[in-house]
Chemist: 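Pasting in a structure now, in structure tokens, and then I'll have a few things to ask.
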Number of protein chains: 2
Amino acid sequence: MERIERIREFGGWLERYRHDSETCHCPMTFSVYLPPQAESGPVPAVYFLSGLTCTDDNVRVKAGAQRYAAELGLALVMPDTSPRGETVSDAPDRYDLGQGAGFYVNASRPPWATHYRMFDYANLELPALVERALPLRPGRRSITGHSMGGHGALISALRNPGLYRSVSAFAPICNPVACGWGQGCLGAYLGDDPAAWKEWDATELIRAGATPLPLLIDQGTDDEFLAEGQLRPEALSRICAERDVPLTLRMQPGYDHSYHFIATFIGEHLAYHARALADMP
Amino acid sequence: MERIERIREFGGWLERYRHDSETCHCPMTFSVYLPPQAESGPVPAVYFLSGLTCTDDNVRVKAGAQRYAAELGLALVMPDTSPRGETVSDAPDRYDLGQGAGFYVNASRPPWATHYRMFDYANLELPALVERALPLRPGRRSITGHSMGGHGALISALRNPGLYRSVSAFAPICNPVACGWGQGCLGAYLGDDPAAWKEWDATELIRAGATPLPLLIDQGTDDEFLAEGQLRPEALSRICAERDVPLTLRMQPGYDHSYHFIATFIGEHLAYHARALADMP
């Protein structure tokens, strides 16, 4: 992998890398924040999966997360939201399909199946790569994300028991099989049979018996996409109650879907992950 | 003035307003962050003047300042960097002249003199407006800024003794009469005679006898514009030493000119201003 940017921030380094992905069969770009503590030894990492239309840049510029990461001694790993490039299939007239909208699944249908394998990329290839090349403690990972990336964080933890110490999400798409964004992407990437979509849906995975880590979710009550029915925390909440899955769903009064909402609560999420990532007593 | 946006953040409100400016003779847009403390009574305000190419949006999205403002009970007032609109003169092929580059002076030359009066706008019209309409404590103001806006903050404090309780700057243009950015803007807005420029130059104002508040400045050592000679903190430092002006110039090793640099130190600046803005014992 090649380092293409390095910026000093909060006593640590905000870095950006490009590498040829074996999973996505194209060059991929990601960012990492290494806190000051990484100078003296490997640190745990929190993965942040971003939402529709984002690259790795949005969260590092807008979320204010690096400050807390520096205080807590956490690295942040910030992948892109899809494969990209001229050779990668796209839906250029759509913001919610194709490039910028990988939906953190492994696509099975042409033309998407060649490159759109963001689930394996974010959960397998990228962690292995950064733990080999950077001062990150092997296997010491937690995961969070926003909107489409909140969905990605939830299904990553649900489908990979033991891979993450903790999971949280900001305004996640909780039940993609039942919303427009999810139906559009899952239909394109996985085909017309909704049965196949359920393996990539947090609510449906729990309905089918997955027993996840405790889930921490913040959701703004004035989020336009909540009103539109894209997020459906109520569906996740219902199935968690039925199956005795520990869910902390905090409805935050007056907050919207923006990074101002994320910035407000990212410190609490990172502190939550830092506790889970600490050495056991 | 008309409120055009309102976003919940850190328990307070990030708001954007548009109004017809009597000073700039055009509609102007600005943002304000009101911390939670403003719900129970007027709060002091820190004005943040932004750099070349910015609008009021950059700092509110990228600097991470609202978190500290909420903790400290400070409002943030974030003006635009110039008048804007189809009727406003511009140099569309230049990022460093015209719209987005008001340089916080009152222009005296056509065609700029009609609208480009950012000094009076930021120091007189805007504070009077927001203190009348919003829960801000009258006259309880400090000022800071970045790059061109750092220059703006310094000359605002130097030319208006008593108007601000404290002043600081991030990578300010310290001596614009002697750098390319300054010469370009001051020459256009004020005419060809460099003698007129000196009234809008922090270093030259101190050379001419201004006795300012203590100055707090952070400057990254890896700032590309420092290397280019646009910022000239050494000139300001020299004249402050000669004239016994209290200057704290912190050269921050490895930091660049970006908002990642601002984000790293904005908390310390806001704490500094909060101390100056507190009621006297």
Side-chain angles (χ1 to χ4, degrees), chain A residues 5-16 31-36 39 54 56-71 76 78 170-171 218-224 226 250-271, chain B residues 5-16 31-36 39 54 56-71 76 78 170-171 218-224 226 250-271:
Chain A
E5 197 173 39
R6 190 169 196 235
I7 300 171
R8 198 100 174 115
E9 189 167 22
F10 289 104
W13 293 102
L14 179 61
E15 303 184 333
R16 179 178 266 164
S31 287
V32 174
Y33 177 69
L34 295 171
E39 306 265 327
C54 291
D56 60 311
D57 192 50
N58 301 68
V59 60
R60 66 188 213 150
V61 169
K62 297 181 172 183
Q66 288 88 304
R67 180 210 166 155
Y68 304 98
E71 287 174 358
L76 301 173
M78 300 166 275
F170 299 85
D218 274 315
Q219 171 64 57
T221 61
D222 283 18
D223 182 327
E224 66 204 278
L226 177 67
R250 310 192 302 188
M251 299 303 291
Q252 300 287 4
Y255 286 86
D256 67 11
H257 199 71
S258 73
Y259 270 91
H260 299 289
F261 158 65
I262 301 175
T264 302
F265 299 105
I266 188 89
E268 294 176 26
H269 285 236
L270 291 181
Chain B
E5 198 173 39
R6 191 171 197 233
I7 300 170
R8 198 101 174 114
E9 189 169 22
F10 289 105
W13 293 102
L14 178 62
E15 303 185 334
R16 179 177 266 165
S31 287
V32 174
Y33 177 69
L34 295 171
E39 305 265 328
C54 290
D56 61 311
D57 191 49
N58 301 68
V59 60
R60 66 188 213 149
V61 168
K62 296 181 173 183
Q66 288 89 304
R67 179 209 166 158
Y68 304 98
E71 287 174 359
L76 302 172
M78 300 165 274
F170 298 85
D218 275 313
Q219 171 63 58
T221 61
D222 283 17
D223 182 327
E224 66 205 277
L226 177 66
R250 310 192 301 189
M251 299 303 291
Q252 300 287 4
Y255 286 86
D256 67 10
H257 198 71
S258 74
Y259 270 91
H260 298 290
F261 158 66
I262 302 175
T264 302
F265 299 105
I266 188 89
E268 293 176 25
H269 285 236
L270 291 180

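Residue numbers start from 1 in every chain, and the chains themselves are labelled A, B, ... in the order their sequence lines are given, proteins ahead of strands.
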Chemist: Test B:Ser258 against every option in A:Leu14, A:Ile7, A:Val61 by the side chain to side chain contact (heavy atoms under 4.5 Å, CB included) rule and name the one that passes.
Modeler: A:Ile7
Chemist: Rounded to the nearest 0.5 Å, what's the gap from CZ on A:Phe261 to CZ on B:Phe10? Could you check?
Modeler: 12.0 Å
Chemist: Please give me the minimum heavy-atom distance between B:Glu9 and A:Ala263, naming the atom from each residue.
Modeler: OE2-CB, 3.8 Å
Chemist: What's the shortest heavy-atom distance between B:Gly11 and A:Thr264, and which atoms?
Modeler: N-CG2, 4.5 Å
Chemist: Select one option (side chain, backbone, both, neither) describing which atoms of B:Gln66 are under 4.5 Å from chain A's heavy atoms.
Modeler: side chain
Chemist: Which heavy atom of A:Arg67 sits nearest a heavy atom of B:Tyr68, and at what distance?
Modeler: NH1-CE2, 2.5 Å
